Amino acid sequence: MGTLIKNGTVVNATGSQRADVLIQGEKIAQVAANISNDSHQIVDATNLLVMPGGIDVHTHLDMPFGGTTSADDYTTGTQAAAVGGTTTVIDFSLQNQKSTLQDALETWLKKSDNKACVDFSLHMAVTNLHGKNGEETLHEMEEMVKFGISSFKLFMAYPNVLMINDELMFRVMQKAAKLNGLCLIHAENGSAIDVVVAQMIAEGKTAPHFHALSRSPKAEAEATHRSIALADMAGAAVYIVHLSNEYALDDLKFMQKRGARALAETCTQYLVLSVEDQMPGRSWDEAKFVFTPPLREKRHQAPLWNALNDGSLAVVSTDHCPFRFKDQKELGRNDFTKIPNGGPGIENRLQVLWHFGVNQGRITPEKFVELSCTNPAKIFGMDKQKGSIAPGLDADIMLWDPNANYTITAATQCMATDYNMFEGWTVKGNAAKVFSRGELVVDNTTQPGKFLGKTGRGRFIKREANAGGLA
Ligand code: URP
Ligand code: ZN
Ligand code: ZN
């Protein structure tokens with residue numbers, strides 16, 4: 001006996017059709033019109049869209065950063081993901097500059113052990129190279145790929161903490177090219193930004209909105225261009241994370257046109273929030289929106305939406321890096337450089353993307369699936385297991401109600417922050433039911449906002465090294 005989802009419209013990135021979906025155990029067994037009921041348990045999906053569960057490839061759970069630790073651990077973070085329709089996350093393990101990649105891997109596997117509630121994987125952030133010409137660490141990259149970690153993150157910002165210089169970055173890129181891996185880049189010129197930051201602090205400009213003013217879109221564009229050029233020289237595929245503005249986009253497109261193997265994501269917040277609306281420089285409340293890259297002027301939003309449609313941006317993620325307003329953002333009350341950088345978003349990505357994307361005619365439902373699920377699976381080497389509604393894949397399925405009105409508020413959210421970046425917004429479109437590997441883990445129609453599965457049921461997903469799916 002299986003679970004039979006009947007009367008829904010199946011939406012994949014490639015097209016939509018009226019079809020039933022049969023789940024057997026953890027897998028999708030059949031997708032076809034009018035599958036006979038037999039002795040299956042029936043789930044009625046009349047007026048609902050049957051879509052693959054979301055994949056958020058950019059999260060920071062239980063991560064030490066900015067003098068504190070991100071507020072969601074693997075339990076609250078993955079439960080919040082599930083409630084919002086996301087059934088897989090890729091989190092970041094960070095190499096401590098003095099230690100090894102293996103140490104970082106062990107640390108993050110411990111954080112997730114018996115805690116993750118949906119499936120997850122890890123990127124490995126390389127922050128330093130050890131041994132002659134970096135050989136020890138570069139050799140470790142081979143071990144990571146064998147373990148199923150095929151993407152390596154390089155920070156061009158946060159000097160003395162996470163930033164890597166061009167020489168080391170280039171060596172990592174050369175190694176990644178040999179391994180068919182993918183280099184993820186936080187593209188901002190951290191050294192130039194730090195000069196501006198020091199000058200602002202010296203002038204007494206300490207309020208939260210100076211964080212945004214200190215990090216020019218041009219610093220992001222410069223690093224975007226430089227990293228893609230270096231990757232191109234090294235023969236590596238790159239993926240620019242959290243691309244936030246039109247100038248960086250122009251550089252991305254320029255390099256893509258030249259044939260560089262470059263992909264990029266943007267994040268929900270850059271599509272719908274702006275420095276004018278959220279950070280006008282009036283109050284301490286604006287610390288809620290201190291993340292990096294910062295919010296940009298509104299005029300950057302339309303080019304980002306267009307780039308999602310023309311394919312130059314391939315993914316929408318969250319960069320979920322939550323800190324509580326009351327006791328964590330407070331660390332920077334008198335100095336914006338001490339405000340922990342990051343915002344919560346894992347729970348609301350799909351609602352916001354649907355409401356402002358599909359409802360407002362900017363993207364189709366198929367594009368919505370492509371950006372939030374299918375492309376993430378392909379680019380990060382797990383499309384044989386996840387990312388589409390198709391026989392043989394994991395039964396990670398979301399029944400989406402395009403007519404459900406939902407008011408976003410921290411008062412009822414699963415995320416562990418005491419605020420929400422979209423507080424009070426009413427969106428139309430929400431996950432009604434969510435299945436993770438065949439198990440009903442969320443039913444927002446009967447028990448809204450509640451995770452119904454067992455804590456710790458999430459599994460580590462080993463990913464193929466496929467150079468971002470780029471030939
Ligand atoms: O502000 C952010 N984005 N914090 C998390 C670290 C990063 O740069 O992604
Ligand atoms: Zn970053
Ligand atoms: Zn991030």
Side-chain angles (χ1 to χ4, degrees), residues 56-72 77 81 89-96 104 108 120-127 151-164 169 183-190 193-194 197 208-212 214-215 217 219-220 223-224 227 238-245 248 264-270 273 275 278-279 286-296 315-325 328-329 331-332 336-346 349 376 380 415 417 419 421:
D56 190 343
V57 300
H58 190 156
T59 69
H60 300 280
L61 303 175
D62 200 358
M63 182 178 84
F65 197 54
T68 182
T69 299
S70 60
D72 276 310
V89 303
I90 312 185
D91 203 53
F92 287 88
S93 42
L94 302 185
Q95 177 199 17
N96 177 308
W108 258 265
F120 69 99
S121 190
L122 291 167
H123 309 287
M124 178 57 67
V126 183
T127 60
S151 40
F152 299 94
K153 172 84 174 283
L154 299 164
F155 286 92
M156 298 170 82
Y158 311 127
N160 307 316
V161 187
L162 297 169
M163 188 170 121
I164 190 162
M169 180 160 74
C183 293
L184 272 61
I185 311 290
H186 174 130
E188 277 188 310
N189 187 318
I193 287 170
D194 264 18
V197 166
H209 81 291
F210 288 109
H211 170 81
S214 69
R215 308 186 84 92
E220 186 182 343
T224 300
S227 61
V238 273
Y239 176 98
I240 307 296
V241 300
H242 50 42
L243 190 145
S244 71
N245 75 84
E265 66 177 21
T266 190
C267 306
T268 340
Q269 54 273 26
Y270 303 115
L273 305 177
V275 71
Q278 275 71 37
M279 304 200 87
E286 294 167 25
K288 292 174 181 171
F289 301 96
V290 168
F291 40 75
T292 302
L295 285 177
R296 304 299 188 186
V315 171
V316 176
S317 71
T318 57
D319 192 9
H320 175 78
C321 188
F323 297 103
R324 289 178 302 277
F325 181 59
Q328 294 188 295
K329 293 286 186 181
L331 294 170
F336 74 82
T337 66
K338 298 196 168 58
I339 301 173
N341 287 198
I346 202 167
R349 177 181 65 131
F380 291 98
M415 296 185 292
T417 45
Y419 76 99
M421 296 197 291

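One-based numbering, in listed order, for ligands and for the atoms of each. All values derive from a computational prediction rather than experimental measurement.
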Side-chain H-bond candidate by donor/acceptor type, D56 with H320, under 3.5 Å: no
Donor-acceptor pair, side chain of S70 and main chain of C321, under 3.5 angstrom: no
Nearest neighbour in protein (non-hydrogen) for atom 4 (N) of ligand 1: N341 O, 3.1 Å
Atoms named by residue and atom, protein N, O or S, within reach of the Zn ion (ligand 2) (under 2.8 Å): H186 ND1, H242 NE2
Aromatic contact, H186 with Y158 (centres under 6.0 Å): yes
Nearest-neighbour protein heavy atom for atom 3 (N) of ligand 1, which is reported as residue plus atom name and distance: D319 OD2, 2.6 Å
Which of the ligand 1 atoms, numbered from 1, are nearer than 4.0 Å to a heavy atom of H58: 9 (O)
Contact atoms of ligand 1, heavy-atom distance to H242 under 4.0 Å: 8 (O), 9 (O)
Under 3.5 Å donor-acceptor, T68 side chain and Q328 backbone: no
H58 and F92 aromatic centres sub-6.0 Å: yes
Nearest-contact summary for atom 1 (O) of ligand 1 - protein heavy atom, Å: T292 N, 2.8 Å
Check: R296/S244 side-chain N/O donor and acceptor closer than 3.5 Å: yes
Option set F323, F291, Y158, criterion heavy-atom distance to atom 7 (C) of ligand 1, minimum: Y158
Short side-chain to backbone donor-acceptor contact, Q269 and T318, under 3.5 Å: yes
Where the Zn ion (ligand 3) is the vertex, angle from H60 NE2 to H58 NE2 to 10°: 110°
Set of side chain to side chain contact (heavy atoms under 4.5 Å, CB included) partners for A212, sequence neighbours left out: V275, M279, P294
Y270 side chain to P293 backbone, donor-acceptor under 3.5 Å: yes
